[in-house]
Amino acid sequence: PEEGTSLIPPTNAVKLLHLLFLSTFWGMQIWVTFVAGRLGRLPRHTYGFIQRELCPYYFHIGSTCAFLNLTLFAMYHPSELLSEEETTQIVVFFVCVAVSALNAQWFGQATSDIAADMHRIERGRGLGQEVGLFAGEACRELRASDPSYGQLARQLALYRAASALCNLCCIACNGFSLYYLAAHLSAL
């Protein structure tokens with residue numbers, strides 16, 4: 001076989017699975033990143049509780065989809081026959097798997113744990129029922145007056161930023177993968 005071709009072409013069922021995993025992860029990413037946080041106005045602690053419950057599912061489902069996409073693609077593209085474009089696609093899938101797993105296993109969990117600790121402190125001071133994602137004046141005062149709470153707030157900001165970067169990296173990887181897939185469609 002020539003470079004860039006598979007020894008055994010994938011069946012329609014394999015193609016469907018690949019498309020299903022890629023589109024599931026992409027759809028979840030777009031919803032979670034750009035839509036879900038802007039719906040409704042919930043008290044901060046309620047919103048935080050929902051995030052702590054749902055985000056681990058989001059991160060683990062995303063990691064699983066990324067891993068299965070890499071596995072399916074690699075199965076039908078032997079390394080000795082890879083074109084430069086296919087090599088790039090394998091690298092993109094691998095980066096997506098690594099970054100999504102990092103987010104699922106470390107950043108996502110650390111963010112949830114820190115937020116839960118902060119919520120306990122806030123509840124003890126009668127805070128957390130304000131509506132919106134940003135803390136009001138009372139939380140700013142708490143950060144200034146309670147060094148441990150201030151430290152938790154800084155850690156939370158750091159882990160949220162790292163998690164958001166991982167998520168944006170996965171969005172870019174999946175966007176590239178969708179482009180690659182669309183570029184190789186012979187018909188619609």
Side-chain angles (χ1 to χ4, degrees), residues 1-39 50-115 133 155-188:
E2 61 188 69
E3 183 180 279
T5 62
S6 175
L7 295 174
I8 302 169
T11 65
N12 285 339
V14 170
K15 292 177 189 178
L16 179 63
L17 281 174
H18 179 64
L19 184 58
L20 179 68
F21 296 138
L22 186 57
S23 61
T24 296
F25 195 12
W26 176 261
M28 285 187 343
Q29 290 172 311
I30 298 303
W31 180 261
V32 169
T33 304
F34 302 112
V35 179
R38 283 119 187 109
L39 296 177
I50 292 169
Q51 278 194 314
R52 281 194 313 275
E53 293 298 314
L54 293 181
C55 281
Y57 290 108
Y58 164 70
F59 291 138
H60 286 94
I61 291 169
S63 294
T64 301
C65 287
F67 175 77
L68 292 171
N69 274 326
L70 172 62
T71 301
L72 287 173
F73 192 85
M75 283 174 47
Y76 290 95
H77 296 84
S79 61
E80 63 275 359
L81 302 176
L82 287 178
S83 68
E84 185 176 324
E85 189 177 43
E86 291 168 332
T87 300
T88 301
Q89 184 58 50
I90 290 273
V91 169
V92 166
F93 278 132
F94 181 78
V95 167
C96 191
V97 168
V99 172
S100 64
L102 180 67
N103 212 4
Q105 294 301 316
W106 194 37
F107 295 134
Q109 187 59 50
T111 300
S112 291
D113 293 344
I114 293 167
L133 298 179
Q155 286 177 333
L156 182 64
L158 179 67
Y159 280 105
R160 277 189 175 159
S163 182
L165 286 175
C166 287
N167 195 51
L168 290 174
C169 180
C170 286
I171 289 173
C173 288
N174 284 334
F176 180 87
S177 297
L178 284 169
Y179 175 81
Y180 174 87
L181 195 59
H184 290 85
L185 286 176
S186 61
L188 207 44

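When reading the values below, keep in mind they use all heavy atoms of this one structure, side chains included, and skip hydrogens, waters and symmetry mates. For reference, positions follow the sequence shown, starting with 1.
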Over all atoms of both residues, closest heavy-atom pair of F25 and C96 | CE2-SG, 3.7 Å
From F93 CZ over to H18 NE2, what is the distance, rounded to the nearest 0.5 angstrom?
-> 4.0 Å
Got a sec, which residues hit side-chain contact (heavy atoms from CB on, under 4.5 Å) with I50, two or more places apart in sequence or on another chain?
-> L42, T46, L54
Donor-acceptor list for residues 179-188 side chains, cut-off 3.5 Å, not counting sequence neighbours:
{"residue": "H184", "atom": "ND1", "partner": "Y180", "partner atom": "O", "Å": "2.7"}
{"residue": "H184", "atom": "NE2", "partner": "E85", "partner atom": "OE1", "Å": "3.0"}

With sequence neighbours left out, what residues match T33 under side-chain hydrogen bond (donor to acceptor under 3.5 Å, both in side chains)?
-> N167
Residue pair P10 / Y76: nearest heavy atoms and the distance that separates them | CA-CE2, 3.5 Å
Specify the closest pair of heavy atoms between E53 and P56, including all atoms of both residues, with the distance to one decimal.
-> O-CD, 3.7 Å
For the residue pair V95 and C169, what are the closest heavy atoms and their distance?
-> CG1-SG, 3.9 Å
Between the main-chain N or O of S100 and the side-chain N or O of S63, is there a donor-acceptor pair closer than 3.5 Å?
-> yes
What distance separates W26 CH2 from I30 CD1, expressed to the nearest 0.5 Å?
-> 4.5 Å
T11 vs V14 side-chain heavy atoms within contact, under 4.5 Å = yes
Could you grab the distance from atom CD1 of I114 to atom CD of Q109, nearest 0.5 Å is fine?
-> 10.5 Å
Contacts of type side-chain contact (heavy atoms from CB on, under 4.5 Å), residue I90, not counting sequence neighbours = L70, F73, A74, L82
Test side-chain hydrogen bond (donor to acceptor under 3.5 Å, both in side chains) applied to S112 - qualifying residues, sequence neighbours left out = none
For F59, which residues count as a ring pair (Phe, Tyr, Trp, His ring centres under 6.0 Å) partner, sequence neighbours excluded?
-> none
Results of side-chain hydrogen bond (donor to acceptor under 3.5 Å, both in side chains) for Q155 - residues two or more places apart only | none
Listed by chain and number, what are the side-chain contact (heavy atoms from CB on, under 4.5 Å) partners of F21, not counting sequence neighbours?
-> L17, C65, L68, N69, L72
For residues 170-177, tabulate all N or O donor-acceptor pairs below 3.5 Å that involve a side-chain atom, not counting sequence neighbours.
{"residue": "N174", "atom": "ND2", "partner": "Q29", "partner atom": "OE1", "Å": "3.0"}
{"residue": "S177", "atom": "OG", "partner": "Q89", "partner atom": "NE2", "Å": "2.8"}
{"residue": "S177", "atom": "OG", "partner": "C173", "partner atom": "O", "Å": "3.0"}

If you round to the nearest 0.5 Å, how far is SG of C55 from NE2 of H60?
-> 11.5 Å
